[in-house]
Amino acid sequence: MADLEKLTMDEAAQAMLKKAAAEGIETIFDRAEKMKPCPIGIEGACCRICAQGPCRVPMPKKKAGEEAPAEKKARMGLCGATAETIVARNFARMVAAGSASHSDHSRGVAKLFIEVAQGKAQGYELKDVTKLKAVAKDWDVATTVGEGEDAKPRPKNEIALELGRKILAEFGQQDGEINYVKRAPKKRQEIWRKEGVVPRGVDIEVVELMHRTHMGVDQDYKNLIKQSTRCALADGWSGSMISTDLQDIMFGCPVPVAGEINLGVLKEDHVNVIMHGHEPLLPEMLVVASREPELIQYAQSKGAKGIQLAGMCCSANEVMMRHGVPVAGNYLHQELGIITGAVDAMVIDVQCEMQSLANVAACYHTKVVTTDTRAKIEEHPSVVHIEFDEHHALDVARQVLRTAIDNFPNRRAPVMIPAASTPTIVGFSYETIRYLLGGSIRGTYYTLNDNVIGGRIRGVAGVVGCNNCRTTQDSSHMTVITELLKNDVIVLSTGCAAMAAGKYGLLTPEAATKYCGPGLAEICETVGIPPVLHMGACVDNSRILMAATACVKAGGLGADISDLPAAGCAPEWMSEKAIAIGQYFVASGVYTLFGVTFPTTGSEILTDYLFKGLEDVYGGKWDFVADPEEMARRMIAHIDKKRAALGIDKARERVLYDMAMRRELEEAARAAEEV
Ligand code: NFS
Ligand code: SF4
């Protein structure tokens with residue numbers, strides 16, 4: 001076993017890895033030692049899309065003593081596909097798979113939404129009527145019946161049914177534009193229209209991208225990246241955004257709520273159930289069922305004190321930010337949770353679930369419960385399948401909990417739950433931030449902008465994405481985030497990055513004094529917010545798009561997202577979804593940096609296009625930096641560049657606004673509302 005501190009900075013994880021080693025259990029960390037990544041695949045330089053290959057076109061390596069590789073002959077596959085085409089196709093397929101994942105999740109949410117509107121979905125309701133009405137307005141769905149003075153509020157189920165049907169139709173829409181394009185700043189919309197990348201629908205962009213990457217179709221790397229952009233925008237501004245909206249309406253729009261994170265949230269004397277995956281549909285019902293006296297009594301009849309639910313990965317984010325359900329950990333914690341020996345069931349739905357869970361579970365008593373017909377694990381003694389059915393979701397949830405409870409007496413020694421858990425405040429939806437930071441002036445993002453202009457907040461950073469076993473768990477997240485905070489950059493976070501921030505105490509208001517520069521600390525203390533705002537799961541990166549757009553519309557920070565002193569990063573990314581997210585952030589005008597490794601290094605030309613060329617078109621671009629300190633430095637330099645372009649760089653020396661200046665700003669803001 002390698003040096004534990006190199007594997008993870010999380011002491012709870014280290015303790016579990018020690019336990020695993022002592023018990024002879026293999027984890028992803030062991031496999032990462034044994035199997036190194038393929039040097040050609042890691043560059044994106046392997047094409048295996050037809051049976052004449054796989055064709056490999058690796059970057060020529062420098063020989064010892066050479067300045068550069070002597071020979072740079074044209075590299076191509078059997079069919080003549082160049083390195084650019086091959087690498088671009090691989091990249092495009094990552095975008096397609098990532099977009100498909102978010103959007104297939106979203107489609108399921110839309111279908112459930114319709115069933116809820118029809119009263120056919122057991123246990124679910126339309127919780128947030130304010131958001132229902134706001135979203136209905138965006139889809140031109142009437143919220144009243146009758147005209148003028150006779151107008152009466154329309155029943156919420158009727159609104160929801162029409163809305164749900166309209167939204168579901170967007171997945172299969174063939175022409176025109178996705179609806180939420182109109183949520184973007186006007187200038188951004190124009191760029192997308194000019195470039196011909198406004199998505200028509202969700203499915204069509206994924207299908208077309210897959211078609212174009214088939215053998216012998218699109219063989220122009222720029223054209224492949226163009227369709228990748230269109231597909232990714234369909235993810236960010238349609239698929240993901242729709243799931244966020246509809247989940248909020250059904251399950252409640254997040255507001256600040258206290259939570260707790262890390263393996264220490266499990267309780268030895270309780271039936272522990274981990275909800276792992278991405279879709280909050282079943283977890284919502286598990287939360288309800290776990291509070292039913294009958295089930296609690298059933299747990300007690302088996303010798304447990306009660307039922308302890310805990311989340312993992314993005315399902316965790318969803319239920320933590322809406323119900324304060326504790327979180328057991330992020331992506332690299334999934335095997336480690338089972339290794340505590342205290343998990344009676346791990347319920348999984350879709351995405352980011354390792355197949356090795358079954359093997360690890362087999363060493364303990366844990367049952368891995370697959371629940372989605374799209375995501376099964378091959379027949380295995382520790383895996384049971386209990387299929388989710390939205391018509392009887394509460395019954396399914398009860399059945400899942402009964403399975404866990406029945407399994408409680410099967411626990412084998414030794415159980416060891418690390419005494420590690422950290423309090424968090426989460427639930428910073430776009431709406432909540434508007435309310436908190438918008439201040440009393442006008443309830444917009446204006447006060448945030450005012451503080452950015454005044455220089456107390458230097459800029460805004462999105463820190464998102466996964467854990468990756470090729471780098472020390474959570475360490476890059478922590479380095480980037482603390483560097484940013486120290487420099488007065490406020491951090492918006494989602495996914496496993498947000499959970500990493502939580503584990504080390506950054507999701508508490510108290511973190512402000514400890515980690516922030518004086519300006520940001522002052523704001524956080526005044527408003528009472530943590531310096532890292534947990535905005536949800538990865539599909540909720542759409543909330544970051546909305547927040548960025550709101551900043552533009554509030555005025556004073558330019559006319560487009562690309563004008564904002566902002567940057568985004570995924571320092572420990574690993575999934576295809578992360579690439580799709582990165583591409584829609586870039587196309588939305590954001591400087592986006594990824595760590596660990598970058599999937600296009602097999603082509604300098606293509607990489608250069610992503611890292612430089614795209615900026616001329618979209619004002620946003622990709623970058624790759626393995627060193628997290630350097631990553632933060634580049635983000636801050638970019639933020640400063642944008643501040644200079646806005647003419648607010650001097651304002652870093654704090655400017656005190658007088659009434660005239662304030663009026664001027666407000667007028668500018670009002671004018672910008674129309675942007
Ligand atoms: Ni995002 Fe969430 Fe985590 Fe990465 Fe996986 S759980 S959807 S993909 S690993 S952040
Ligand atoms: Fe090789 Fe071309 Fe087939 Fe790819 S498509 S495997 S480069 S022959």
Side-chain angles (χ1 to χ4, degrees), residues 28 40 44-57 74-90 93-94 97-106 212-219 235 239-240 243-244 275-280 311-318 320 327-334 348-354 462-471 473-474 476-477 493-502 534-542 544 569-582 594-596 602:
I28 186 172
I40 301 169
C46 168
C47 182
R48 43 164 297 275
I49 65 169
C50 93
Q52 302 168 97
C55 299
R56 287 141 299 154
V57 291
R75 293 176 289 139
M76 59 176 73
L78 261 56
C79 65
T82 61
E84 283 60 56
T85 299
I86 289 172
V87 178
R89 276 199 297 229
N90 287 331
R93 285 193 165 203
M94 295 181 90
S99 303
S101 305
H102 290 139
S103 301
D104 205 40
H105 162 175
S106 180
R212 289 216 216 167
T213 59
H214 184 274
M215 192 273 155
V217 187
D218 203 347
Q219 298 167 109
D235 175 359
S240 287
S243 68
T244 299
M275 306 174 283
H276 172 25
H278 286 76
E279 299 191 347
M312 196 160 264
C313 285
C314 282
S315 289
N317 285 322
E318 301 272 8
M320 172 161 72
V327 174
N330 46 3
Y331 168 73
L332 281 176
H333 266 39
Q334 53 187 293
I348 64 177
D349 48 74
V350 291
Q351 300 168 22
C352 302
E353 294 134 0
M354 297 189 213
V463 182
V464 307
C466 322
N467 281 150
N468 182 322
C469 67
R470 298 290 179 196
T471 185
Q473 183 191 15
D474 298 340
S476 298
H477 287 305
S493 193
T494 60
C496 290
M499 288 186 257
H534 183 301
M535 294 186 82
C538 285
V539 287
D540 295 323
N541 282 316
S542 61
I544 300 185
C569 69
E572 300 180 26
W573 79 281
M574 63 88 197
S575 88
E576 290 168 316
K577 288 177 284 172
I579 292 291
I581 293 166
F594 272 37
V596 195

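Whatever order the structure lists ligands and atoms in, that order sets their numbers, starting from 1.
Although no hydrogens or angles enter the test, the distance criterion places a donor-acceptor pair under 3.5 Å between the side chain of Gln334 and the main chain of Cys352. Side-chain atoms of Asn467 do not come within 3.5 Å of backbone N or O of Gln473 as any donor-acceptor pair. Under the 3.5 Å distance criterion, the side-chain polar atoms of Asp349 are matched with a main-chain donor or acceptor of Glu279.
Counting only protein N, O or S atoms, the number found under 2.8 Å from atom 1 (Ni) of ligand 1 is 1.
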Contacts under 3.5 angstrom, residues 47-56 side chains, donor-acceptor by atom type, not counting sequence neighbours:
none

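Residue Ser101 holds its OG atom at 6.0 Å from NZ of Lys577, rounded to the nearest 0.5 Å.
Side-chain contact annotation: Ser240 with Ser243, donor-acceptor N/O pair under 3.5 Å absent. Side chains of Glu572 and Asn468: a donor-acceptor N/O pair is absent below 3.5 angstrom, by distance only. Side-chain atoms of Asn317 and Asp540 include no donor-acceptor pair closer than 3.5 Å.
With a heavy-atom cut-off of 4.0 Å, Arg89 touches ligand 2 through its side chain alone.
Within a radius of less than 2.8 Å around atom 3 (Fe) of ligand 2, the protein N, O or S atoms are Cys50 SG.
Against a heavy-atom cut-off of under 4.0 Å, Met574 is close to the following atoms of ligand 1: 9 (S).
Scanning both residues, Thr244 and Ser542, for their nearest heavy atoms gives OG1-OG, 2.9 Å.
Qualifying ring pair (Phe, Tyr, Trp, His ring centres under 6.0 Å) partners for Phe594, counting only residues two or more places apart in sequence or in other chains: Trp573, Trp622.
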